[in-house]
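Working notes, beginning with the structure itself.
Position 1 is the first residue of the sequence; numbering continues from there.
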Amino acid sequence: MASCEDRLVSAVNPVGKAIWFIETRFADAVSLDDIAGNVGISRYQMSRAFSLATGWSLVRYLRGRRLTEAARSLAGGAPDILAVALNAGYGSHEAFTRAFRDLFGLTPEQVRARGDLDALALVEPLKMDENFVDGLEPTRFEDSKALLVAGLGARYDWESSKAIPAQWQRFVPYYDNLAGQVGQMTYGVCCNSDGAGSFDYICGVEVTDFSQLPEEFSRVRIPAQRYAVFTHHDHISTIRRTVNTIWNKWLSESGHEVADSPDFERYDERFDPQTGNGAVEIWIPIKA
């Protein structure tokens with residue numbers, strides 16, 4: 001069960017609530033929808049908030065917790081591997097063995113025969129570290145027109161997203177050389193998130209249409225939308241802390257709900273891409 005401290009965290013933080021829910025029910029057949037419903041936010045917001053705060057996708061963490069407890073049962077001599085598999089949410093011995101070996105590098109039978117957990121990469125309960133930006137509030141609320149953004153795109157999970165700066169480097173030769181480019185601002189667009197925590201990231205510019213773009217370019221239509229706009233003033237390397245504060249503190253305390261639309265970073269003349277210093281705007285779509 002959760003400690004008093006954990007309960008205090010879960011009272012204000014959606015990820016704290018999610019962790020508490022997982023720790024009290026991971027032996028049951030809970031899903032991302034169940035967790036998001038218990039916390040009271042959309043599955044997209046739940047997935048995004050969890051990954052920003054922990055560096056794990058929620059689905060991967062839930063799977064890791066189930067398999068870790070299964071490994072403990074097996075190391076303790078559990079006689080029926082199928083029963084352990086069913087308790088961990090797997091419908092067959094084969095599916096359980098495949099997931100178990102992928103995580104630990106050993107089969108369930110090997111762990112039971114060894115009788116210990118030495119050298120296994122166990123997934124222990126996460127403890128939230130609320131390292132938030134103090135007093136963060138929107139710079140403004142803005143109703144934006146529809147945008148067409150095109151650029152280089154890639155799909156990430158929350159562990160692989162460290163490669164995004166290199167993606168921006170690959171985009172630099174295209175900047176200011178595109179037919180139909182509108183203005184000088186660049187955009188980092190997050191879209192097409194799934195329940196496993198994967199998402200598309202497009203670094204690009206606004207364009208008038210998609211007809212004359214390089215074949216390798218990704219394209220995203222961002223509908224007209226109301227946004228809460230935040231400004232990140234520190235070095236770009238610390239932007240994740242600002243975004244984490246938005247998703248895990250400001251949204252839960254403000255009463256605003258995230259709209260089903262891409263969110264994005266917007267870089268204007270205040271940002272220096274050579275040093276990583278300067279203001280960056282973070283646009284979060286909210287329901288009107």
Side-chain angles (χ1 to χ4, degrees), residues 1-36 38-39 41 43 46-78 80-81 83-90 95-132 156-162 195-198 240-241 244-245 247-249 252:
M1 295 297 290
S3 67
C4 291
E5 180 184 359
D6 292 331
R7 288 179 184 273
L8 180 61
V9 168
S10 70
V12 296
N13 188 321
V15 175
K17 288 183 179 181
I19 291 173
W20 182 85
F21 186 79
I22 290 169
E23 289 306 311
T24 57
R25 291 175 175 81
F26 65 73
D28 302 330
V30 297
S31 65
L32 172 59
D33 286 331
D34 296 326
I35 298 167
N38 179 267
V39 174
I41 58 179
R43 54 182 282 134
M46 184 73 264
S47 177
R48 185 77 186 275
F50 194 93
S51 299
L52 283 165
T54 68
W56 289 69
S57 78
L58 191 151
V59 172
R60 177 171 172 255
Y61 174 72
L62 176 59
R63 181 172 63 245
R65 290 293 297 126
R66 285 173 168 164
L67 291 172
T68 290
E69 295 308 311
R72 287 198 169 96
S73 296
L74 292 166
D80 187 346
I81 292 180
V84 174
L86 294 173
N87 287 337
Y90 291 86
F96 174 64
T97 297
R98 185 165 54 251
F100 194 94
R101 185 172 52 234
D102 286 346
L103 182 61
F104 298 123
L106 297 171
T107 66
E109 289 82 2
Q110 288 172 317
V111 171
R112 185 174 63 179
R114 285 170 33 148
D116 64 58
L117 299 171
D118 292 349
L120 294 190
L122 301 177
V123 179
E124 301 293 3
L126 290 171
K127 183 175 176 62
M128 290 302 302
D129 177 14
E130 292 191 346
N131 186 25
F132 293 142
Y156 296 99
D157 58 28
W158 296 101
E159 291 77 40
S160 65
S161 62
K162 298 180 181 66
S198 297
R240 181 167 174 164
R241 181 170 176 242
N244 181 36
T245 304
W247 287 86
N248 282 298
K249 188 173 190 296
S252 62

Close side-chain approach of [X] and [Y], heavy atoms under 4.5 Å:
X	Y	result
Asp80	Val84	no
Trp247	Val15	no
Arg114	Leu106	yes
Pro14	Ile41	yes

Could you walk me through whether Leu122 and Leu117 pass the side chain to side chain contact (heavy atoms under 4.5 Å, CB included) check?
-> CA-CA 8 Å; Leu122 301 177; Leu117 299 171; 4.0 Å; yes
Could you note down all residue pairs passing salt bridge (charged side-chain N to carboxylate O under 4.0 Å, His left out) where residues 65-75 supplies at least one of them, sequence neighbours left out?
->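 Every salt bridge (charged side-chain N to carboxylate O under 4.0 Å, His left out) pair that includes a residue of residues 65-75, provided the two are not neighbours, is Glu23-Arg65, Arg65-Glu69, Glu69-Arg72, Arg72-Glu124.
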I need the minimum non-hydrogen distance between [X] and [Y], along with the two atoms involved.
X	Y	result
Ala18	Ile35	CB-CG2, 3.7 Å
Val111	Ala71	CG1-O, 3.9 Å
Asp118	Asp116	N-OD1, 3.1 Å
Ser51	Ser57	OG-CA, 3.6 Å
Leu32	Met46	CD1-CG, 4.1 Å
Ser161	Tyr156	CA-CD2, 3.8 Å

Roughly how far apart are [X] [atom1] and [Y] [atom2], rounded to 0.5 Å?
X	Y	atom1	atom2	answer
Leu86	Ile81	CG	CD1	12.0 Å
Leu62	Phe21	CG	CZ	10.0 Å
Thr54	Arg60	OG1	CZ	9.0 Å
Arg48	Leu58	CZ	CG	14.5 Å

With distance as the sole test, does [X] use its side chain to make a donor-acceptor pair with the main-chain N or O of [Y] at under 3.5 Å?
X	Y	value
Asn244	Arg241	no
Thr68	Gly64	yes
Thr97	Thr107	no
Asn87	Ala83	yes

From CA spacing to verdict: side chain to side chain contact (heavy atoms under 4.5 Å, CB included), Ser198, Asp157 = CA-CA 4 Å; Ser198 297; Asp157 58 28; 4.0 Å; yes
Do Phe104 and Leu67 pass the side chain to side chain contact (heavy atoms under 4.5 Å, CB included) test, and can you show the C-alpha distance, the side-chain angles, and the key distance before you say yes or no?
-> CA-CA 9 Å; Phe104 298 123; Leu67 291 172; 4.0 Å; yes
In chain order, what residues pass the ring pair (Phe, Tyr, Trp, His ring centres under 6.0 Å) check against Tyr61, with sequence neighbours excluded?
->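 Only Phe50 meet the ring pair (Phe, Tyr, Trp, His ring centres under 6.0 Å) criterion with Tyr61.
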Mind running side chain to side chain contact (heavy atoms under 4.5 Å, CB included) on Phe96 and Arg101 for me, showing each step along the way?
-> CA-CA 8 Å; Phe96 174 64; Arg101 185 172 52 234; over 6 Å; no
